[in-house]
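As structure tokens, the structure follows; a few thoughts come after it.
Note on naming: letters A, B, ... go to the chains in the order of the sequence lines (proteins, then strands), and numbering restarts at 1 for each one. Note that this is a predicted model, so its numbers are computed, not measured.
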There are 2 protein chains.
Amino acid sequence: MNTLSYGLLTLLSANSLSGYELTQNIKPLWRAGHSQIYPLLMSMEQQGYISYQLIEQSDKPDKKEYSITEAGLEQLRRWVETPAEPPVLRDELHFKLYSLWLSKPEEAKELLQKRAEFCKSELERYKVLLKANEVLRDERGETRELKATTFGRYLLIRKRVLDMESSIQFCEWALEELEPAK
Amino acid sequence: MNTLSYGLLTLLSANSLSGYELTQNIKPLWRAGHSQIYPLLMSMEQQGYISYQLIEQSDKPDKKEYSITEAGLEQLRRWVETPAEPPVLRDELHFKLYSLWLSKPEEAKELLQKRAEFCKSELERYKVLLKANEVLRDERGETRELKATTFGRYLLIRKRVLDMESSIQFCEWALEELEPAK
DNA sequence: GAGGACATGTAACGGGTTACATGATTTG
DNA sequence: CAAATCATGTAACCCGTTACATGTCCTC
């Protein structure tokens, strides 16, 4: 049971999903490919934390729909209350900024502009998600119980939005700092 | 030549350093242990990107001081101007927030408070670094050439400060959002 | 002489990426 | 019938973490 396993349990605790859907849905939370996910699902199923039923579909290929078991939910509950490890950020840009003085000013500028563009496109994606989740909150907001399941998702998207805004701010500030050096 | 290799070249392009010093200095930029670094240094030395001389010390154990070669500098220059891959952030907190509804409110609160504390201590460390580098800028600021080598470092520390401030802001906002649910 | 900082390595294991492999179904 | 999306798996390789291993020098 590594972090990714708990991540899969996390998603399954809100919805039953197939391996394919898990691969899509985990993307904003953790980087992982399907080749990592399918074997983990099999091992977690053998350990009794999840179970699946084969869903026969006529419009699409058949799939395995995984659900969390009582044992899995227990395991997840214990893990959630455990203190979170410090985050690990791996960003090539750190090194490339550090040795900016080696590159021509136009190249340095392009590096920062490209990153700013990337962050802006991410920001847009998350803003859309945020709106969708704010609607959910409004609809269900009055009843505390239903609100709860969407609350974490709402917090998270909000976090991504703040992070992206901070990154964009940095890139734009750095580009300004770069100007007089030209 | 993976990203970490280029990171080591980056540090060596500013200063000659031992494996031990590289291990310390790379920490704010990239997570890596000495067991990853020493083998890489050996392979890069064999490829001719770096060279070392044995420094005999009387007050401390002897060390190998690595320097970047002309070939290494060439390699690094090409890499720096290459577009940066999108950053990879792995943070357990994402999953733990997502399934916050599974945990008791006090536990949820503690999770966010602990993260805020961590970010605040990081912020302090970086603010100290920032001040040290701003002094450097003031001293050397007038001559563009010398400024250049410290400029990237200055940008980077600034980025870390902004990131930490954004994370703290998030935690405090989330804690407020949590309150009425109590 | 014990503990801590300095210094350099190796080995085993687990996690993550890329590529290989296959196949159903829909849409243009 | 070709391309795109849905769907599930395996294998090889690289990267990263933890533990093992050794040794110097200084300070308390």
Side-chain angles (χ1 to χ4, degrees), chain A residues 1-9 11-12 15-27 29-47 50-66 85-92 94-95, chain B residues 1-9 11-12 15-27 29-47 50-66 85-92 94-95:
Chain A
M1 290 295 290
N2 55 21
T3 306
L4 181 53
S5 305
Y6 285 107
L8 295 170
L9 282 188
L11 293 183
L12 291 175
N15 284 308
S16 291
L17 294 165
S18 68
Y20 185 81
E21 290 167 321
L22 282 164
T23 305
Q24 313 298 314
N25 291 338
I26 210 163
K27 270 178 193 169
L29 308 184
W30 196 265
R31 178 153 151 183
H34 73 274
S35 60
Q36 232 183 321
I37 289 170
Y38 287 118
L40 279 183
L41 288 173
M42 286 187 276
S43 104
M44 287 166 79
E45 195 261 341
Q46 273 166 30
Q47 287 171 78
I50 56 177
S51 63
Y52 71 91
Q53 59 175 313
L54 256 149
I55 307 282
E56 287 176 33
Q57 299 181 121
S58 49
D59 55 334
K60 289 179 224 171
D62 300 352
K63 66 176 180 181
K64 291 180 180 175
E65 197 179 67
Y66 286 92
E85 292 290 307
V88 178
L89 174 63
R90 287 182 203 273
D91 192 349
E92 276 187 24
H94 289 173
F95 293 136
Chain B
M1 291 293 292
N2 55 21
T3 305
L4 181 54
S5 305
Y6 285 108
L8 294 171
L9 283 188
L11 293 183
L12 291 176
N15 284 306
S16 290
L17 294 165
S18 68
Y20 186 81
E21 290 167 321
L22 282 164
T23 305
Q24 313 299 315
N25 290 337
I26 210 163
K27 270 178 192 168
L29 307 183
W30 197 267
R31 178 154 151 183
H34 73 274
S35 62
Q36 232 183 321
I37 289 170
Y38 287 119
L40 280 183
L41 287 173
M42 286 187 275
S43 104
M44 287 166 78
E45 195 260 341
Q46 274 166 30
Q47 287 170 78
I50 55 178
S51 62
Y52 71 91
Q53 59 174 314
L54 256 148
I55 307 283
E56 286 176 35
Q57 301 182 119
S58 50
D59 55 333
K60 290 180 223 170
D62 300 350
K63 65 178 178 180
K64 290 181 182 176
E65 196 179 68
Y66 285 92
E85 291 290 307
V88 177
L89 173 63
R90 288 182 201 274
D91 192 349
E92 276 188 26
H94 289 174
F95 293 137

Protein-nucleic acid N or O pairs under 3.5 Å, nucleotides 13-16 of chain C:
| unit_1 | atom_1 | unit_2 | atom_2 | d |
| --- | --- | --- | --- | --- |
| C:dG15 | OP1 | A:N2 | ND2 | 3.4 |
| C:dG16 | OP1 | B:R90 | NH1 | 3.4 |
| C:dG16 | OP2 | A:Q36 | NE2 | 2.7 |
| C:dG16 | O5' | A:Q36 | NE2 | 3.4 |
| C:dG16 | O3' | B:R90 | NH2 | 3.0 |

Once side chain to side chain donor-acceptor pair (under 3.5 Å) is applied, do any residues pair with A:S16, and if so which ones, sequence neighbours excluded? A:S67
Donor-acceptor pair, distance only, cut-off 3.5 Å: does the side chain of B:H94 make one with the backbone of A:L29? yes
List the atom of A:I37, the atom of A:G19, and the distance in Å for their closest heavy-atom pair. CG2-O, 4.3 Å
Donor-acceptor pair under 3.5 Å: do we get one between A:S35's side chain and the base of C:dT18? yes
Give a yes or no on whether A:Y52 atom OH has more than 12 heavy-atom contacts from other residues, nucleotides or ligands under 6.0 Å away. no
Give me the first and last nucleotide of DNA chain D, going 5' to 3', that has any atom under 4.0 Å from a heavy atom of chain B. D:dC15 to D:dC26
Has B:Y20 got a side-chain N or O lying under 4.0 Å from the OP1 or OP2 atom of C:dC6? yes
For B:S43, check side chain to side chain donor-acceptor pair (under 3.5 Å) against everything at least two apart and list the hits. B:Q47
Expected rows: protein N/O vs nucleotides 23-28 of chain C N/O, under 3.5 Å:
| unit_1 | atom_1 | unit_2 | atom_2 | d |
| --- | --- | --- | --- | --- |
| C:dT25 | O3' | A:S58 | O | 3.4 |
| C:dT25 | O3' | A:D59 | O | 2.7 |

Could you list the residues that satisfy side chain to side chain contact (heavy atoms under 4.5 Å, CB included) with B:P39, not counting sequence neighbours? none
By side chain to side chain donor-acceptor pair (under 3.5 Å) - contacts of B:N2 (at least two apart): B:S5
Between C:dA11 atom P and B:Y38 atom OH, what is the distance in whole Å? 17 Å
State which residues pass ring-ring contact (aromatic ring centres under 6.0 Å, His included) with A:Y6; sequence neighbours excluded, sorted by chain then number. A:W79
Round to a whole Å and report the spacing from CD of B:E65 to C1' of C:dA7. 14 Å
If you look at every strand shown and take non-hydrogen atoms under 4.0 Å, does B:G33 touch a base, only sugar-phosphate, or nothing? nothing
Residues that B:E21 engages under side chain to side chain contact (heavy atoms under 4.5 Å, CB included), provided they are two or more places apart: B:L17, B:S18, B:N25, B:K63
Identify all stems in which DNA chain D takes part, counting only runs of at least 3 consecutive pairs (Watson-Crick or G-U wobble, each distance under 3.5 Å), and give each as one range with another, ordered by first number. C:1-28 with D:1-28
If you pin B:V88 and B:E21 to their nearest nucleotides in DNA chain C, which one's is more 5'? B:E21
Just jot down the side chain to side chain donor-acceptor pair (under 3.5 Å) partners of A:S35, sequence neighbours excluded, or say none. none
Interatomic distance, B:L22 CG vs C:dC6 P [rounded to whole Å]: 15 Å
Checking B:P61 now: which residues fulfil side chain to side chain contact (heavy atoms under 4.5 Å, CB included) with it, not counting sequence neighbours? none
Is any side-chain heavy atom of A:E85 closer than 4.5 Å to one of A:T3? no
Closest-nucleotide 5' rank along DNA chain D - winner of A:K63 and A:P39: A:K63
Kindly say whether B:R90 contributes a backbone atom to a donor-acceptor pair with the side chain of A:R31 at under 3.5 angstrom? no
